[in-house]
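Throughout, residue positions are numbered sequentially from 1 according to the sequence presented. Quick note: numbers below take in every heavy atom, side chains included, and nothing from hydrogens, waters or symmetry partners.
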Amino acid sequence: MFREGLLWDYSTFYFPVGIATLYPKSLKSGPITLLERVTVALLLLQLYLPRSLSFYMFVFYKSLYLLLGYALKLQSKKKSITRFLESLGMGQKLASPPSDWILFWRQQVTLYVERDTEIEYDYLSMPIEYNAWILFRQISNVVMANAMCAYVLFAVHHYDPQPDMYWRNVMHLVGGVIFLLFNLWVRLDIVRTLDDFSCYWGDFFFLVPDKKSFDGGVLESIPHPMYSVGYIGYYGITLITQSHLVFAASLVSHLMDIIFLFWVEKPHTRKIYEPQKLVNDQTFLKEMHTYYSNDMVLLYNVDPFRPNDVLTLFIVLYTVASAIFIGPSDTYYKTLFYTIQPVFWRVLHTWVGGLILYLQSQDLFWTKIFIKRGLTLKDAFEAWKTFFNLTHTMTFVSFFISAIRFYSFPPSFTGEVLVLRHILGIMFMIVHIWIAISVYQVLGPHGWFHGDFFIESLRSRHSPNYSGIYRYIDHPILYILSCWGAALICSSWILLFITLFGVLSHWIVVQFVEQPHFDRIYGPDMQIYARSQKSRLHSRPETPSETDSGVHSPVLVRKRSVRQTLAKVVKELEEIAKPHVTAIVQNTKRQVAQLANAATLEDTLPRDELPLDLYSLKFVKGFQGKPEFRLGEPIVIEFTASRETMKRKDWIGLYGVHQNFDPDLTTSKCDWKWSYVAGRSKIISSTSGMVNPWKKSSDGYLFGKTPVTIEHSENDPGLRIVTGRLVFEREQLPWQIGAFEARYHYDGKYVVLARSEQFQITLELDPIVVPVRDSMTEQFLVKEIKPYVSRCLEMDDLDPHQSMLDTVQVPSLLIDEGVTIDSSRSKTVQESDLQAHCICCSALV
């Protein structure tokens with residue numbers, strides 16, 4: 001049996017498939033190579049060495065294991081192993097005849113392959129990459145077998161059962177055996193899925209073009225099982241020995257394996273199987289560069305010329321200096337200070353930050369604060385990033401300052417529990433650092449700074465990503481393992497409760513702020529669907545079909561033609577793109593279902609991309625000269641807008657002519673003097689999607705509650721002009737004399753698309769003509785004021801000689817004690833009527 005291999009120059013070859021050597025049924029007698037003899041000799045040597053040296057032997061072989069990792073890293077970057085062997089004469093092309101030593105090692109490789117495959121092997125017909133891999137796997141067997149033997153001998157030397165606790169010893173033994181059996185099953189399942197090519201790092205030397213998905217099994221359910229649960233046998237042996245020193249050695253050994261994973265394997269896997277995606281969307285790149293530019297994350301990417309970074313550094317250094325000045329927590333007030341400080345920053349970061357995100361998600365609270373002050377969305381987001389990073393950084397800085405002050409140096413580190421506590425605490429911190437880095441690699445700056453809450457234009461390109469660590473753990477940053485580690489090392493109840501408070505606070509924000517926000521934007525099924533996509537294992541080879549004769553020639557090395565290369569590339573792109581296209585299709589189906597009755601998508605366009613010439617505001621009432629309205633008179637405004645860009649949150653507001661200095665941006669409040677173009681004071685939305693404002697009526701069309709007409713534009717082919725009227729009355733009117741203007745705003749924002757001409761609010765009451773005599777004053781005032789009060793309260797039959805309280809029902813809090821209201825003659829109005837009446841009367845006075 002042969003499999004296809006792919007070299008780095010895109011040439012292919014077929015290599016023989018070996019027989020698995022992990023199962024007892026496949027063991028067979030045969031010649032033994034020199035490296036296998038060395039392995040057996042070193043194992044026997046360890047059996048005869050003093051048991052006290054087993055720990056040093058274990059450290060020696062684990063160091064060699066890391067040295068092998070360094071060699072693989074060089075092979076991944078520069079092909080150093082294959083080049084070194086070629087320089088020694090182990091390759092195919094030689095300038096001079098090889099030496100006897102080189103011929104010996106060639107024979108060793110040939111012996112190893114022929115024994116495991118039962119096929120005649122021609123060394124010179126195979127590429128140097130394959131021969132180098134065969135030699136490297138034999139060397140790695142020497143190191144790993146002796147490292148495991150040294151560890152077992154070290155554990156046996158420290159076997160310490162309790163003589164008077166028989167059942168406890170039995171339970172430890174049973175638990176350890178279960179761990180060991182589980183470890184064996186994990187290893188066998190991994191080998192079943194990956195085979196020896198991936199288990200012995202074959203893709204550092206050459207690739208296999210065929211790919212298979214791994215559905216189910218330990219590889220699909222646990223991240224990096226070879227290096228995580230694949231070493232659970234360490235802890236099974238620890239249970240059997242009941243030794244804290246063995247446990248500490250197991251943790252250190254496991255940590256070295258994790259270092260090997262992230263130092264050697266992960267970078268190589270990312271380079272080979274996860275190439276960087278090229279983004280050709282210039283608009284997307286421009287927006288990303290607008291909102292994100294090498295931002296400071298915790299204390300990384302510090303720019304001394306960026307004021308926000310300098311502020312963060314200053315507060316950090318000030319806090320450290322304060323701790324140095326205050327000193328250790330040897331008094332009650334110092335202990336209280338070191339307790340309150342991390343709690344304060346935790347409340348500021350999690351609770352206050354969570355409240356800001358909640359309000360921003362509900363009503364764009366944070367963004368509106370800056371826009372009302374004449375600033376932009378970028379300014380609002382920059383301020384949020386500074387607040388988020390400052391509080392996030394100070395949460396950990398203040399916590400670890402308190403941990404340092406609560407820590408007491410032990411007189412000696414000889415106690416087993418003390419050593420174990422420190423090792424576990426340090427490992428928790430290392431794992432937390434790895435989790436934070438992994439989270440940032442998956443989320444990027446947009447997800448790290450919660451950009452989905454602020455930047456709507458990037459949401460479609462930054463859908464939730466459940467790859468990497470998020471494929472196995474929900475909200476991994478929630479658990480703040482470094483704080484647990486510090487609390488464990490310091491053995492402090494105060495730090496423990498602060499950590500619990502932090503975890504609970506973060507969990508509340510996740511459950512009641514982040515998760516509802518993402519469910520509302522992307523749909524509740526996005527996470528389930530993303531996780532249902534199966535990953536693919538690129539390094540698993542597939543056995544080609546055999547020829548009619550049942551034998552493939554192992555000496556076949558051929559160049560791939562252009563057509564074959566393109567076919568392979570297209571096939572790989574198809575397999576890679578298929579799950580992503582499926583996700584896009586499903587997401588698009590959900591969005592189309594929500595927008596089925598909508599006229600246009602809710603994507604806000606920049607002002608300069610809108611057809612501004614189609615937007616206008618004018619008054620229906622004809623005027624000779626400058627428009628004028630009497631105080632309290634309803635104002636009818638006729639608007640025009642573009643049908644293709646009109647939004648359901650477009651609104652019109654009335655402002656004083658000197659309220660806003662920018663003609664294209666509104667920077668002041670209009671109180672109640674505004675109305676949506678749709679004729680509502682509040683836009684109704686639903687969880688299933690937005691409400692379509694367009695409806696047909698008997699007379700034409702309705703945009704919300706506003707009757708409109710639609711005509712084709714003569715100057716802009718393809719665009720249609722929408723014409724409608726809005727009536728401003730009562731509390732929507734400016735109840736004061738002066739010059740005003742109307743402004744048309746876009747999509748619920750403060751961007752101005754059109755302005756009306758200036759109009760005057762006048763009061764036709766000349767104080768000079770008021771009669772001086774008291775008998776005529778009342779009649780004159782009644783005659784002049786009655787029209788304004790009638791317009792204010794919308795009462796044409798207002799009797800000036802009747803008490804206002806007999807006509808208008810007002811809240812009880814506003815009625816003087818002892819006043820009686822005639823219920824038979826009362827007319828109920830809203831509180832806004834009374835408010836408008838008060839405004840009217842104050843204006844007249």
Side-chain angles (χ1 to χ4, degrees), residues 62 179 222-225 227-236 238-239 243-263 266 297-300 338-339 342-343 345-346 349-350 392-410 413 415-442 468-470 472-507 510:
K62 291 301 289 186
F179 274 32
I222 301 176
H224 309 296
Y227 295 92
S228 54
V229 296
Y231 286 99
I232 198 173
Y234 282 145
Y235 309 105
T238 300
L239 279 176
S243 170
H244 288 87
L245 290 178
V246 175
F247 187 32
S250 300
L251 290 175
V252 173
S253 179
H254 199 175
L255 178 61
M256 296 175 73
D257 295 317
I258 298 297
I259 292 173
F260 183 94
L261 169 65
F262 289 98
W263 180 48
K266 284 286 287 182
V297 178
L298 295 178
L299 294 177
Y300 180 70
Y338 290 122
T339 302
V343 172
W345 286 108
R346 171 58 66 184
H349 176 69
T350 306
H392 196 188
T393 302
M394 288 306 303
T395 298
F396 290 101
V397 169
S398 59
F399 183 88
F400 283 100
I401 287 177
S402 300
I404 292 173
R405 288 309 186 187
F406 291 151
Y407 180 74
S408 300
F409 282 95
F413 284 90
E416 293 184 348
V417 176
L418 180 65
V419 173
L420 178 62
R421 204 174 68 222
H422 282 73
I423 292 177
L424 281 176
I426 294 174
M427 289 194 66
F428 280 3
M429 295 179 187
I430 295 174
V431 171
H432 190 188
I433 293 174
W434 166 71
I435 288 176
I437 295 174
S438 301
V439 167
Y440 189 81
Q441 289 175 346
V442 174
I469 191 173
Y470 281 90
Y472 310 99
I473 306 176
D474 281 333
H475 313 293
I477 207 68
L478 168 67
Y479 306 102
I480 50 176
L481 292 180
S482 61
C483 296
W484 291 106
L488 184 62
I489 292 175
C490 298
S491 188
S492 170
W493 287 102
I494 296 178
L495 295 180
L496 177 64
F497 285 122
I498 294 175
T499 304
L500 285 173
F501 173 72
V503 173
L504 179 62
S505 302
H506 198 169
W507 180 83
V510 167

Asker: Can you list the residues that meet the side chain to side chain donor-acceptor pair (under 3.5 Å) rule with T350, with sequence neighbours excluded?
Answerer: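 T350 satisfies side chain to side chain donor-acceptor pair (under 3.5 Å) with R346 only.
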Asker: Any side-chain heavy atom of T339 sitting closer than 4.5 Å to one from F406?
Answerer: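 Sidechains of F406 and T339: in contact.
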Asker: Nearest 0.5 Å please: distance from the CD1 atom of I480 over to the CG atom of L500.
Answerer: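 Taking CD1 in I480 and CG in L500, the distance rounds to 8.5 Å.
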Asker: For residues 489-498, which side-chain donor-acceptor pairs fall under 3.5 Å, sequence neighbours excluded?
Answerer:
residue: S492; atom: OG; partner: I494; partner atom: N; Å: 3.3
residue: S492; atom: OG; partner: L495; partner atom: N; Å: 3.3

Asker: How many angstroms lie between atom CD1 of I259 and atom CD1 of I430, to the nearest 0.5 angstrom?
Answerer: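 The CD1 atom of I430 is 6.5 Å from CD1 of I259, to the nearest 0.5 Å.
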Asker: Could I get the full list of side chain to side chain donor-acceptor pair (under 3.5 Å) partners for T238, not counting sequence neighbours?
Answerer: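 By the side chain to side chain donor-acceptor pair (under 3.5 Å) rule, T238 matches S250.
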Asker: Using the rule given for side chain to side chain contact (heavy atoms under 4.5 Å, CB included), can you reason through V397 versus W345, listing the C-alpha separation, both sets of side-chain angles and the distance that settles it, and then say yes or no?
Answerer: CA-CA 10 Å; V397 169; W345 286 108; over 6 Å; no
Asker: Got a second to check how far L298's CG is from T395's OG1, nearest 0.5 Å?
Answerer: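 L298 atom CG to T395 atom OG1 measures 9.5 Å (nearest 0.5 Å).
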Asker: For Y338, does its backbone N or O pair with a side-chain atom of S402 as donor and acceptor, under 3.5 Å?
Answerer: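 Flag set: sc S402 to bb Y338 pair under 3.5 Å.
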Asker: Name the one of F399, F428, F400 that satisfies side chain to side chain contact (heavy atoms under 4.5 Å, CB included) with S482?
Answerer: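 Checked F399, F428, F400 against S482; only one passes side chain to side chain contact (heavy atoms under 4.5 Å, CB included): F400.
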Asker: What residues, two or more places apart in sequence or in another chain, satisfy side-chain contact (heavy atoms from CB on, under 4.5 Å) together with L261?
Answerer: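 With sequence neighbours excluded, L261 shows a side-chain contact (heavy atoms from CB on, under 4.5 Å) to H224, Y227, E265, K266, given in chain and number order.
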Asker: I want to check something: taking the side chain as every heavy atom from C-beta on, are F396 and C483 in contact at a cut-off of under 4.5 Å?
Answerer: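 Contact flag for F396/C483 side chains = yes.
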Asker: Between S253 (side chain only) and A249 (backbone N and O only), is there a donor and an acceptor less than 3.5 Å apart?
Answerer: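 Absent.
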Asker: Applying side chain to side chain donor-acceptor pair (under 3.5 Å), name anything that partners H392, two or more places apart in sequence or on another chain.
Answerer: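 Listed in chain order: nothing, the list is empty.
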Asker: Parallel, tilted or perpendicular for H254 and Y235, by the 30°/60° rule?
Answerer: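 Rings of H254 and Y235: tilted, as their planes differ by 30° to 60°.
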Asker: Hey, is CZ on F262 packed in by over 12 heavy atoms from elsewhere, all under 6.0 Å?
Answerer: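 Yes, because the 6.0 Å sphere around CZ of F262 holds more than 12 heavy atoms from other groups.
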Asker: What residues, two or more places apart in sequence or in another chain, satisfy ring-ring contact (aromatic ring centres under 6.0 Å, His included) together with Y234?
Answerer: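 Partners of Y234 under the ring-ring contact (aromatic ring centres under 6.0 Å, His included) test: Y151, Y231.
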